[in-house]
Amino acid sequence: MTFEELKALDHAYTMQTYGRFDVAVDHGKGATLWSLEGKELIDFTSGIGVCSIGYGNEQWAWSIYEQAMDLGHISNLFYSQPYAKLAETLCKRSGMEAVFFGNSGAEANEGLIKLARKYSYDKYGTGRSTILTLHNSFHGRTITTLTATGQDVFHQYFYPFMEGFRYADANDLDSIREQGGEDVCAVLLELVQGEGGVLPLDKEFVRELAAVCSERDWLLLVDEVQTGVGRTGSLFAFQQYGILPDAVSFAKGIAGGLPMGGFLVNEKCRSVLGPGSHGSTFGGNPISSAAALAVLDILDEETIAAVREKGAYLRQGIESLHKKSIGGTRGMGLMIGVEVKEGYTNKALAAQLVEHGLLVLTAGQGLRLLPPLTITKEEMDKGLKIMADVLE
């Protein structure tokens with residue numbers, strides 16, 4: 001199939017909900033991809049943070065094959081080994097106590113919202129169901145998680161939106177207190193606001209917020225859909241903030257490319273959701289769980305620690321470029337935001353970089369880089385060379 005034939009097939013039979021770049025990806029190895037025509041592409045996106053261990057990893061692929069031959073699906077009416085082993089691994093490596101498995105980040109965040117409201121209802125009764133989120137946040141594309149998202153641009157078309165959310169300013173404890181009240185049951189936040197522009201929260205603000213939540217018995221909910229699974233240089237970003245959330249969502253990189261999500265809870269919340277109160281047909285699917293176990297085996301402590309070094313290397317390389325269109329960088333680990341200067345647009349710059357063989361993302365007004373965590377120095381250098389050639 002040629003690229004033009006594939007493009008025509010897409011336009012004929014799929015809803016046009018995505019503004020795709022003008023390239024068709026055929027296969028990959030490590031952090032390098034090849035187009036349908038055979039052009040080499042360096043990947044600084046990992047499928048929007050999903051392909052955490054890159055492409056063509058044999059350990060991951062064999063784990064999927066072997067599990068598929070044994071048991072592809074059985075439902076949560078029965079026990080199976082993969083999800084139980086994965087739950088143990090996640091809890092021991094995160095310091096949390098129990099896990100619920102779903103399929104996506106939005107579903108995981110929906111679960112956090114249900115958890116918080118039921119916790120409060122069980123303890124205090126009705127009238128205590130409002131959840132505070134932060135301006136510039138992003139929590140998903142379902143009706144509820146769109147409402148939780150603190151960006152007006154997402155609050156369009158799909159009226160009526162849900163009740164029970166208010167928005168505070170990031171890094172501003174006074175704003176949290178102003179929006180707080182007797183009707184609040186939880187605070188939901190990203191430690192690095194991803195879609196909002198790769199904006200890390202101040203550690204002191206997060207620690208003070210955790211203390212306020214503890215004092216008022218608000219659940220502290222951390223959305224780690226994008227920051228989790230090694231992306232920031234620890235298994236979860238909260239481990240670098242000196243806090244232990246009441247619950248934390250995860251998705252994207254957990255299964256290395258297969259659909260999976262979920263949330264972890266602390267001891268206080270492990271019994272809130274009982275039989276019949278929450279569920280997911282495909283949650284904890286044996287194949288996805290086997291893939292996730294392989295991902296976590298590959299992303300051992302040494303590999304995750306190297307993510308911080310790789311992130312520093314990329315940021316230093318970008319900031320050393322002679323450029324008119326971009327400014328400084330920000331982020332944690334291999335979650336990097338690049339400022340785009342006035343007079344330029346991130347979409348135009350991203351399109352130019354993709355055209356020249358470097359896949360990048362946008363977020364807020366800047367560029368966003370989420371390379372596979374296993375990216376090599378050679379691949380990073382190739383990407384930096386493309387950036388230098390295009391931006392100069």
Side-chain angles (χ1 to χ4, degrees), residues 28-32 43 46-74 79-105 108 224-240 248-264 282-311 332-335 370-377 379:
K29 185 68 177 177
T32 304
D43 182 25
S46 61
I48 316 185
V50 168
C51 302
S52 50
I53 56 171
Y55 306 92
N57 184 286
E58 292 188 6
Q59 179 182 343
W60 177 80
W62 275 110
S63 73
I64 293 169
Y65 169 77
E66 290 171 353
Q67 184 58 51
M69 293 300 293
D70 284 343
L71 182 69
H73 180 73
I74 190 61
Y79 295 94
S80 64
Q81 294 183 60
Y83 80 82
K85 292 178 179 177
L86 176 60
E88 178 187 28
T89 300
L90 281 169
C91 287
K92 286 185 174 179
R93 289 182 62 176
S94 68
M96 302 295 276
E97 296 297 327
V99 61
F100 174 89
F101 292 116
N103 308 287
S104 69
E224 295 233 26
V225 168
Q226 194 165 155
T227 56
V229 197
R231 174 58 54 187
T232 64
S234 54
L235 186 63
F236 290 100
F238 76 77
Q239 293 169 309
Q240 297 182 60
V248 54
S249 59
F250 60 87
K252 288 194 179 290
I254 184 63
L258 295 189
M260 190 175 217
F263 57 90
L264 289 147
F282 293 102
N285 170 267
I287 296 174
S288 293
S289 295
L293 281 166
V295 167
L296 293 177
D297 187 50
I298 294 162
L299 297 179
D300 56 22
E301 296 300 326
E302 183 179 353
T303 303
I304 290 178
V307 167
R308 294 193 289 272
E309 299 172 10
K310 292 176 181 180
M332 291 176 64
L334 283 172
M335 185 174 181
L370 301 171
L373 306 183
T374 52
I375 191 170
T376 65
K377 182 176 181 295
E379 289 168 322

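Numbers here are sequence positions counted from 1.
Smallest separation of non-hydrogen atoms from L299 and V229: CD1-O, 3.8 Å. Between Q59 and I298, the shortest heavy-atom distance links the atoms OE1-CG1, 3.5 Å. Of all the heavy atoms in S80 and P286, the pair that sits closest is OG-CG, 4.3 Å. G230 approaches V307 most closely through the heavy-atom pair O-CG1, 3.5 Å. Residue L264 comes nearest to C91 through the heavy atom pair CD2-SG, 4.0 Å, listed as atom of the first residue, atom of the second, then distance. When all heavy atoms of G262 and A108 are compared, the closest pair comes out as O-CB, 3.2 Å.
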Report task. Report the C-alpha distance between R231 and L334 in whole Å, list the side-chain angles of each, state the deciding distance to 0.1 Å, and finish with yes or no for side chain to side chain contact (heavy atoms under 4.5 Å, CB included). Result -> CA-CA 6 Å; R231 174 58 54 187; L334 283 172; 3.6 Å; yes
Query raised in the report: Between L90 and I254, is a side chain to side chain contact (heavy atoms under 4.5 Å, CB included) present by the stated rule, with each step listed?
Result: CA-CA 10 Å; L90 281 169; I254 184 63; 4.1 Å; yes
Query raised in the report: Given the rule in the side chain to side chain contact (heavy atoms under 4.5 Å, CB included) test, do I287 and M260 qualify, once you have shown the distances and angles that lead to the verdict?
Result: CA-CA 10 Å; I287 296 174; M260 190 175 217; over 6 Å; no
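Residue S289 holds its OG atom at 11.5 Å from CD1 of I64, rounded to the nearest 0.5 Å. Taking OG1 of T89 as the reference point, atom CG of L296 lies at 6.5 Å (rounded to 0.5 Å). Distance SG/C51 to CG/N57: 11.0 Å, rounded to 0.5 Å. Taking CD1 of I53 as the start and OG of S46 as the end, the distance is 11.0 Å to the nearest 0.5 Å. Of the inter-residue distances, the one linking T227 atom OG1 with F238 atom CZ reads 10.0 Å to the nearest 0.5 angstrom. Atom OG of residue S52 and atom CG of residue L370 lie 11.5 Å apart, to the nearest 0.5 angstrom.
Of the N and O atoms on the side chains of N285 and Y83, not one donor lies less than 3.5 Å from an acceptor on the other residue.
A donor-acceptor pair under 3.5 Å is formed between the side chain of K310 and the backbone N or O of L373. A donor-acceptor pair is defined here as one N or O able to donate and one able to accept, closer than 3.5 Å; no such pair exists between the side chain of Q226 and the backbone of F250. Panel note: side chain W60, backbone A255; a donor-acceptor pair is recorded below 3.5 Å. In terms of modelled atom types and a separation under 3.5 Å, the side chain of S234 and the main chain of F236 share a donor-acceptor contact. Judged purely by atom type and a 3.5 angstrom limit, E224 uses its side chain to pair as donor or acceptor with the backbone of A237. For S288 (side chain) and P259 (main-chain N/O), a donor-acceptor pair under 3.5 Å exists by modelled atom type. Panel note: side chain E379, backbone A31; a donor-acceptor pair is recorded below 3.5 Å. S94 places a side-chain N or O within donor-acceptor distance of the main-chain N or O of M96, the cut-off being under 3.5 Å. Formation of a donor-acceptor pair under 3.5 Å by the K252 side chain with backbone atoms of V225 is not found in this model. Without hydrogens or angle criteria, T32 side chain to G28 main chain gives no donor-acceptor distance under 3.5 Å.
The number of heavy-atom neighbours closer than 6.0 Å to CD of Q81, taken from other residues, nucleotides and ligands shown, is 12 or below.
Between Y65 and W62, the two ring planes are perpendicular [angle over 60°; tilted spans 30° to 60°].
Side-chain contact between Y55 and D43: present, with at least one pair of heavy atoms (C-beta onward) separated by less than 4.5 Å.
Residues in residues 289-306 take part in these salt bridge (Lys or Arg N to Asp or Glu O under 4.0 Å) pairs, two or more places apart or across chains: R93-E301.
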